[in-house]
Amino acid sequence: MKKLINAPDKVVDEALAGMAAAHPDLIRIESPNIVVRKDAPRKGKVGIISGGGSGHEPMHGGFVGLGMLDAAAPGAVFTSPVPDQMLAATKAVNGGAGVLHIVKNYTGDVMNFDLASELAQGEGIEVASVVIADDVAVKDSLYTAGRRGVGGTVLAEKIVGGAAEGGADLATAKALVEKVQDNVRSMGMALTSCTVPAAGKPTFEIADDEMEIGIGIHGEPGRQRMKLASADEITEMLATPILDDGPFSKGDSVLVFVNGMGGTPLIELYVVFNKLAAILKDRGMTIGRSLVGNYITSLEMAGCSITLLKLDDELTRHWDAPVRTAALRWGI
Amino acid sequence: MKKLINAPDKVVDEALAGMAAAHPDLIRIESPNIVVRKDAPRKGKVGIISGGGSGHEPMHGGFVGLGMLDAAAPGAVFTSPVPDQMLAATKAVNGGAGVLHIVKNYTGDVMNFDLASELAQGEGIEVASVVIADDVAVKDSLYTAGRRGVGGTVLAEKIVGGAAEGGADLATAKALVEKVQDNVRSMGMALTSCTVPAAGKPTFEIADDEMEIGIGIHGEPGRQRMKLASADEITEMLATPILDDGPFSKGDSVLVFVNGMGGTPLIELYVVFNKLAAILKDRGMTIGRSLVGNYITSLEMAGCSITLLKLDDELTRHWDAPVRTAALRWGI
Amino acid sequence: MPITVDQLARFVELFAERLAAEKENLTRLDSAIGDADHGINMDRGFQAVLGKLPEISSDSAGGLFKGVGMTLVSTVGGASGPLYGTFFLRAGGALGDTTDVTAEQLAAALRAGLEGVIQRGKAELDDKTMVDALSPAVDAFDRSLDGSLPNALAAAASAAAAGRDRVTPLVARKGRASYLGERSAGHQDPGATSTTIMIEALRDALQPGA
Amino acid sequence: MPITVDQLARFVELFAERLAAEKENLTRLDSAIGDADHGINMDRGFQAVLGKLPEISSDSAGGLFKGVGMTLVSTVGGASGPLYGTFFLRAGGALGDTTDVTAEQLAAALRAGLEGVIQRGKAELDDKTMVDALSPAVDAFDRSLDGSLPNALAAAASAAAAGRDRVTPLVARKGRASYLGERSAGHQDPGATSTTIMIEALRDALQPGA
Ligand SMILES: Nc1ncnc2c1ncn2[C@@H]1O[C@H](COP(=O)(O)OP(=O)(O)O)[C@@H](O)[C@H]1O
Ligand SMILES: Nc1ncnc2c1ncn2[C@@H]1O[C@H](COP(=O)(O)OP(=O)(O)O)[C@@H](O)[C@H]1O
Ligand SMILES: [Mg+2]
Ligand SMILES: [Mg+2]
Ligand SMILES: [Mg+2]
Ligand SMILES: [Mg+2]
């Protein structure tokens, strides 16, 4: 295992300490391992928190700051955090206007957030939750765990963060995330596996001429293993299910998010973006906003995901609102 | 070779087309393969250009925009661009106040920029050049190619970009880059090799328990191959030569830049940052500003580099000045 | 002869020991159809439990199990944290402050734990989860209660293992393995495996003379 | 018998062919002590030269070489672009608009090319660069001029190869290989290798009856 770490069980703690040292103007780290916006709680502002396993950096800790998250709860690598963390985060950001939990749809995340939310409500804090489930690689069904929450989460956090900063109340904030959820779809693929530090070896073996299509963000194998294809072919394979599943039609303006899984160089993400732009043009859609880079990752996995969000004026306005976090920043 | 590409000889062209599609508000792509700030030339503003091989993304194309570069000339992967590109870039950004070339110290870059500068001057454009050579892994000597230009380049481009946006003239801009050069030092290491698309296989082989210390940014082997060490030990190995070589002393405020080589997850960069913060504290220095992420890369290489810049009020002011590029953005 | 709190603490220790021994194997199973952390998660939780055992080994059986459950909820995370946490919390709730546990009380506690897991995770039989080991184990224990306790525990352990193996060919419908669709078929479920280890540890810890 | 422009064009084609054939080998050499692109760079440049040959094969020897040099400067990049570009530009400048090139004129052209490379790259002998192949080749050619042209070219090619091999054990002091310090010793220089291929192509293209 080749990693810049000291010991597998210290990675998360040391990385959080590193974040605190690097961004003292933005965040503080509190026990038990939560990343809290420097000036939280903000009186009268709805608190926005999220959380999930570590190993997806910059998500979520890198999104804590003005105009996005008020706190993040990072678990062990690829393991959802424990309720104590979400409870502490909820308390730390409660400015009296309630707290919104943004939860990615994984069994563990949902259950741990549920427990935290029960506990927080028991302590008299108003909590609302929205579950993000935007991965079209997984069939949407009542009888299964349902779709995973992936790239759409980043967009939801930015958009609701902008609205909350602007004074949206808890119900409005919750409705806004639900609106993002309704209008966003994602799909991802991997060229390589990654290695969970505590496991010490790659999660799966894969040949030099193979790839995994329909992966999530936990280094797991995907829905299908296929022969390696060209960037254009791969982009088609990801974009088509997204476009066919989602509320996208001719004339729409979309936010195009091409995300790296952690080990893929930016130059390749732009190659994908190039093809994606052509596909959207063919369908008569326009690129309203774009985001290209490593924002929701699986450690050092090589691969990418595509997320499309159908925009309207409201979503665009909150996307454009100022944000000041370690990983996303504009307007301030 | 596992890459999101269509054909090795199309990577750069397609990535540039992707950049144009993703960031039409920031840049335009002009022939022969140059990235130009959307609103260039800016009348009366000193034009700042840089260039180098591709494969280091976001450097330099991702730094084109308000407050940083006016244009970038990307060559083939790891191959410095041709003079035609720098000449075209120089002409495209010439607003009548002269053009500054920021050149990384590699034989190829220096010679190609020299040729371009001669040609531009022949066409009546005032051109000044500064060569960045900040890599302490290479002995500084009159009889060799000298030090490589690495991480310090990113900081120089941001700082002089801020000054030029604020109205600095060509001589002032040049002097400012020289000041950065005097006060900045870097060193890097690799855990893995990378694969140049046209070469199709990794540049070097390396065992699972080995690492390269003292690498540049072209996927080349480093000064020394060693047994894999812990993140703390590696951070020491990089920081000590930097601190011993540079103008750093107790009480100084430094800009701390922990850079990923492209294939290392952010969580590991923060582990390195954590140790580096402790080392600086031990030496009685303070972290004035920080930057953590993949900014000057070697394709998908796993590894990192550390860059330290001694700050003063002038450098800090220009660092803080608004910047709006694909890869670095704040204040606007 | 009733079961003592010490014997139940011994069960917890034994489960922890075996999880530590099986850590890599459980993680390997989770690599194939999950995210390569089940052994790591369970071991992290039970190491924490071991560390807290002096503190949480209260005088009552319910107190012990509740302490285990709380510790798991607070240290494991993932799916297994709330599920195993709930199992022990509910089982502890059923046991209350009794110190000498009868076989019938143990049966009720296991049943309460199972119901807690189902309520929390909403898995049904054949979804290919820990429920497919736990549910038949609890049923078998109930069915064999009129015989000796060791026999009932042996039946429960066999039923757990059989349930674990029975669902290996199935396609998962809950948890991460469900994302793999058809590809999950043929792989042994990590959670059903750790649950079988748990029931076996219970069997062995409550063995006469153990 | 003087050398014709067609023969020089044939030299350029032959060099291009052999670079294409040696592309991987040159890149492999550059992997060991550089950035794994020398073969790719040279091949890209000479493929462009081949494409432009109809356009740049002017009536004069100088015109041809200058066209080659300009094309290399505009398409190669890296260190080899300006260096090989300068070599051909300077050699072309020395040849001027002559159409029948004498051996003495060729010697002067090679010398001018070498001086251009040294001026541009500032490498000295033993720095372990293409100069270590080019410089002895030009010297040997000069020394053998009073014999036949084929002999002089053969001497030049042998000297290039000998120079290339002579510096293999040395530590590089210029170019990327210099960053490796001691580790560069023992590796053959890619640029000295491509230069040897160039002189050999010249030898073979100007062979009587070639
Ligand atoms: N909804 C559920 N109900 C019951 N058990 C479940 C459920 N989802 C997952 N599991 C169990 O949890 C196990 C995985 O646990 P673990 O790997 O620790 O958590 P995670 O899936 O969050 O990484 C699975 O093998 C399965 O037995
Ligand atoms: N200063 C120099 N003078 C002469 N030749 C040089 C110099 N620097 C490098 N070279 C030659 O260039 C070769 C490398 O060329 P190439 O790989 O195409 O360029 P780059 O080093 O920019 O990747 C080296 O093997 C060496 O022979
Ligand atoms: Mg997990
Ligand atoms: Mg090169
Ligand atoms: Mg798991
Ligand atoms: Mg090279």
Side-chain angles (χ1 to χ4, degrees), chain B residues 8-9 32 51-53 55 73-85 87 106-116 135 137-139 141 143-148 193-205 212 214-225 298, chain D residues 23-24 26-28 30-45 47-48 69-86 89 117 119-124 126-130 171-184 187 191:
Chain B
D9 58 346
V77 171
F78 293 167
T79 302
S80 62
V82 297
D84 312 44
Q85 290 173 274
L87 177 61
Y106 299 95
T107 310
D109 291 55
V110 171
M111 291 190 300
N112 284 289
F113 263 103
D114 275 357
L115 283 166
D135 183 359
V138 177
K139 263 235 236 34
S141 156
Y143 306 102
T144 67
R147 286 185 165 163
R148 296 174 283 219
S193 179
C194 61
T195 298
V196 175
K201 45 180 179 257
T203 300
F204 57 83
E205 295 294 329
E212 291 277 340
I215 56 151
I217 52 169
H218 295 85
E220 68 276 58
R223 299 288 287 192
Q224 229 187 322
R225 180 164 290 197
S298 287
Chain D
K23 178 177 167 180
E24 286 198 17
L26 291 169
T27 297
R28 190 182 52 75
D30 198 31
S31 294
I33 54 171
D35 58 349
D37 65 358
H38 186 59
I40 301 163
N41 291 343
M42 293 298 289
D43 184 53
R44 181 175 57 247
Q47 288 306 317
M70 295 282 285
T71 306
L72 294 179
V73 167
S74 294
T75 57
V76 178
S80 41
L83 291 170
Y84 275 96
T86 300
L89 283 170
V117 168
Q119 203 180 323
R120 178 75 47 221
K122 301 188 183 59
E124 298 178 6
D126 293 355
D127 279 355
K128 190 167 178 160
T129 69
M130 61 185 285
V171 171
R173 287 186 308 217
K174 283 280 151 57
R176 278 177 206 290
S178 69
Y179 304 137
L180 283 175
E182 302 294 328
R183 286 179 83 180
S184 62
H187 292 279

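Numbered from 1 within each chain, the chains take letters A, B, ... in sequence-line order.
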Largest heavy-atom contact set with chain D, pairs under 4.5 Å, which of B/Arg148, B/Gln85, B/Arg147, B/Glu220: B/Arg148

B/Pro221 versus chain D, the contacting section by heavy-atom distance below 4.5 Å: both

Segment of B/Phe204 engaging chain D (4.5 angstrom heavy-atom cut-off): neither

Option in D/Pro82, D/Gly34, D/Ala36 with maximal non-hydrogen atom pairs under 4.5 Å from chain B: D/Pro82

Contacting moiety of D/Thr86, where chain B heavy atoms sit under 4.5 Å: neither

Which portion of D/Thr27 sits near chain B, non-hydrogen atoms under 4.5 angstrom: side chain

Side chain / backbone / both / neither for D/Ala32 at chain B, heavy atoms under 4.5 Å: backbone

Contacting region of D/Glu24 [heavy-atom separation from chain B under 4.5 Å]: side chain

Contacting region of D/Ile40 [heavy-atom separation from chain B under 4.5 Å]: side chain

From B/Thr107, B/Asn112, B/Asp114, residue fulfilling side chain to side chain contact (heavy atoms under 4.5 Å, CB included) relative to B/Val110: B/Asp114

Sequence-distant partners of D/Asp126, salt bridge (Lys or Arg N to Asp or Glu O under 4.0 Å), two or more places apart: D/Arg166

D/Arg173 side chain to D/Lys128 backbone, donor-acceptor under 3.5 Å: no

Engaged part of B/Ala76 at the chain D interface, taking heavy atoms whose separation is under 4.5 Å: side chain

Side chain / backbone / both / neither for B/Lys139 at chain D, heavy atoms under 4.5 Å: neither

Atom group of D/Arg183 that falls short of 4.5 Å from chain B, counting heavy atoms: side chain

Criterion side-chain contact (heavy atoms from CB on, under 4.5 Å) on B/Phe78 and D/Arg176, from CA distance to verdict: CA-CA 12 Å; B/Phe78 293 167; D/Arg176 278 177 206 290; 6.0 Å; no

Which portion of D/Arg44 sits near chain B, non-hydrogen atoms under 4.5 angstrom: side chain

